[in-house]
Amino acid sequence: MNDVKLAVLGGEGTGKSESIYSKHLYLEGKQLNLEIYDPCSQPKKAKFSLTSELHWADGFVIVYDISDRSSFAFAKALVYRIREPQTSHCKRAVESAVLLVGNKQDLCHVREVGWEEGQKLALDNRCQFCELSAAEQCLEVEMMFIRIIKDILTNFKLKEKRRPSGSKSMAKLINNVFGKRRKSV
């Protein structure tokens with residue numbers, strides 16, 4: 001069973017709530033233990049002390065309110081923080097899965113952030129992107145989570161391919177240092 005850890009980040013008023021959710025589910029024939037951490041409106045977190053989330057999470061959902069330009073600026077800063085070159089103690093074998101979400105699509109009449117802006121931010125930072133109304137489109141919200149979970153599972157597979165077993169990597173290292181193997185006499 002795979003453990004999938006997902007952090008949902010964004011500023012206050014973006015339609016999120018501070019909670020930790022756990023759920024067992026089956027996706028593509030695999031049993032998953034999903035943990036979702038939503039630290040959103042904790043004032044302490046607003047200063048980008050995301051260190052624990054960056055180490056904990058396998059993927060991120062970054063949420064902004066399409067009718068609030070400042071929430072988009074906050075989301076942009078979060079994306080940059082997640083995508084910044086990792087320090088040596090925090091290197092990841094594979095880049096984290098990130099989904100940028102423009103919420104409150106039902107408020108298009110007071111839109112301050114264009115769809116194109118969200119799409120460009122996502123493309124420039126190797127993120128997926130969608131716009132929706134969490135209040136009115138529960139099926140789209142579910143599909144959004146399935147999308148990011150599939151990305152995370154793909155990353156798990158990539159990590160497995162890139163990480164040879166200890167004995168194989170040691171053999172490679174010895175080969176590189178001492179040349180080709182010699183037959184023992």
Salt bridge (Lys or Arg N to Asp or Glu O under 4.0 Å) partners of residues 22-37, not counting sequence neighbours, each pair once: Glu28-Lys150
Spell out, yes or no, whether Ile146 and Val8 are grouped together once hydrophobic residues are joined by side-chain heavy atoms under 4.5 Å, including indirect joins. yes
Please answer: with hydrophobic residues joined when any side-chain heavy atoms are less than 4.5 Å apart, are Leu123 and Val63 in the same cluster? no
Minimal non-hydrogen separation, Cys108 against Ile66, with atom names: SG-CD1, 4.2 Å
So which atom in Cys127 and which in Val79 form the shortest heavy-atom distance, rounded to 0.1 Å? SG-CG1, 4.0 Å
Kindly compute the distance separating CG (Leu25) from CD1 (Ile149), expressed to the nearest 0.5 Å. 5.5 Å
Quick one: CD1 on Ile152 to CG on Leu34, what's the gap to the nearest 0.5 Å? 8.0 Å
Please, which pairs that meet salt bridge (Lys or Arg N to Asp or Glu O under 4.0 Å) have at least one residue in residues 121-135, sequence neighbours excluded? Glu95-Arg126, Arg111-Glu131, Lys120-Asp124
Is there a side-chain contact between Leu78 and Tyr64 in this structure, where contact means two heavy atoms from C-beta onward sitting under 4.5 Å apart? no
Would you call the rings of Phe129 and Trp115 parallel, tilted or perpendicular, where under 30° means parallel and over 60° means perpendicular? perpendicular
Can you tell me how far CZ of Phe156 sits from CG of Leu32, rounded to the nearest 0.5 angstrom? 8.5 Å
Would you compute the distance between atom CG of Leu132 and atom CG of Asn103 and round it to the nearest 0.5 angstrom? 5.5 Å
Less than 4.0 angstrom from a charged side-chain N to a carboxylate O is my criterion; do Lys76 and Glu117 meet it? no
Quick check: is Leu107 connected to Met144 through a chain of hydrophobic side chains (ILVMFWY, heavy atoms under 4.5 Å apart)? no
Is any side-chain heavy atom of Asn125 closer than 4.5 Å to a side-chain heavy atom of Leu100? no
Kindly work out whether a path of hydrophobic side-chain contacts (I/L/V/M/F/W/Y, heavy atoms less than 4.5 Å apart) joins Met143 to Leu153. yes
I'd like to check Ile148 versus Leu6 (side-chain heavy atoms, cut-off strictly below 4.5 Å). Are they in contact? yes
Side chains of Val61 and Ile36: does their closest heavy-atom pair fall under 4.5 Å? no
Checking Asp65 against Ser71 for the side-chain hydrogen bond (donor to acceptor under 3.5 Å, both in side chains) test, could you report, in this order, the C-alpha distance in whole Å, the side-chain angles of both residues, the deciding distance, and whether it holds? CA-CA 6 Å; Asp65 176 348; Ser71 76; 5.3 Å; no
Looking at Cys130 and Arg147, what are the two nearest heavy atoms and their distance? CB-NH1, 3.9 Å
Quick one: pull up NE2 in His109 and OG in Ser67 and give me the separation to the nearest 0.5 Å. 8.5 Å
Find out if a path of hydrophobic residues (ILVMFWY) with successive side-chain heavy-atom gaps under 4.5 Å connects Tyr80 to Phe60. yes
